[in-house]
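Taking it in order: structure first as structure tokens, then the write-up.
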Amino acid sequence: MNIQGFQKLTMLDFPGKTACTVFTGGCNLRCPFCHNAGLVLSPDEAPIPEDEIFAYLSKRHGILDGVAVTGGEPLLQKDVGTFLLRVKDMGFLTKLDTNGFFPEALERLLAEGLVDYAAMDVKNSPEKYAFTCGRDAVDLSKPERSMRLLKESGIDYELRTTVIGGFHTLEDIEAIGRWIEGTPRYYLQAFKDSGILREGSGYPLPEEEMTAMRDAARQFVPVCELRGI
Ligand code: SF4
């Protein structure tokens with residue numbers, strides 16, 4: 001697997017668990033507000049050998065609960081399943097982040113029992129999806145299928161939207177809520193300008209505006225919380 005980053009400890013990336021985070025290189029999308037621009041635009045720079053990760057994990061039994069795999073887009077990696085299997089064979093839980101555009105790969109991993117927790121991005125309302133992904137057009141049947149797969153999988157999962165001024169309005173969040181109705185858990189994440197935006201710009205929204213968006217989404221999703229406020 002093309003690993004371009006490794007964070008040895010996170011209390012945030014894997015809800016309720018102590019974990020490390022592995023960042024894979026490359027992404028099919030070009031979100032203008034991407035905070036992992038380096039992973040997206042230079043996906044092949046100095047990969048970290050998998051063995052380094054497994055050597056680290058072999059000394060973290062009883063300290064870490066799991067491994068979060070994020071990107072970039074991890075499902076672009078042909079051997080992500082092999083990596084997750086090895087992690088699970090070592091006795092750790094796995095968390096997968098995805099933008100939802102690779103339902104076939106997701107289905108395989110779910111069928112093989114390789115994902116314990118998944119987080120899928122919902123970039124925006126259907127009408128503004130392509131704009132928010134930095135693409136002229138996107139095939140929304142793919143994230144829709146990924147959402148269905150997660151719903152039917154029986155694993156714990158969340159959908160989440162990073163809320164960005166200039167990209168998201170209250171009406172957009174309502175439209176997302178209507179679209180994902182029935183999802184058990186939905187998070188609205190505050191945008192943090194990391195200073196390494198790939199292009200364009202966005203800005204964080206005030207807490208009151210985020211709270212109003214959360215309340216709007218709660219009409220459709222039983223659990224909707226703010227994150228990073
Ligand atoms: S899906 Fe994620 S990694 Fe890919 S461009 Fe968008 S924000 Fe960046």
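We count ligands from 1, going down the list as the structure has it; atoms in each ligand are counted the same way.
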**Asked** Any heavy atom of N36 sitting closer than 4.0 Å to ligand 1?
**Response** no
**Asked** Evaluating non-hydrogen atoms only, which member of R135, E73, K123 is closest to atom 2 (Fe) of ligand 1?
**Response** K123
**Request:** Return yes when at least one N/O/S atom of C34 is nearer than 2.8 Å to atom 8 (Fe) of ligand 1, and no when none is.
**Result:** yes
**Request:** From the options T70, T21, T24, select the one residue that forms a side chain to side chain donor-acceptor pair (under 3.5 Å) with D97.
**Result:** T70
**Prompt:** When the ring planes of F14 and Y117 are compared, do they come out parallel, tilted or perpendicular, using 30° and 60° as the limits?
**Reply:** tilted
**Fill in**
A student checking ligand 1 against N99 at a 4.0 Å heavy-atom cut-off should list atoms 1 (S)
**Prompt:** Does the ring of Y187 carry R227 above it, NZ/CZ under 6.0 angstrom from centre and within 45° of its axis?
**Reply:** yes
**Fill in**
So the atoms of ligand 1 within less than 4.0 Å of a heavy atom of C27 turn out to be 1 (S), 3 (S), 4 (Fe), 5 (S)
**Request:** Tell me, with the steps shown, if Y56 and F6 meet ring pair (Phe, Tyr, Trp, His ring centres under 6.0 Å).
**Result:** CA-CA 11 Å; Y56 174 77; F6 181 45; 5.2 Å; yes
**Item:** Aromatic ring pairing F54/F83, orientation class (parallel under 30°, perpendicular over 60°, tilted between)
**Value:** tilted
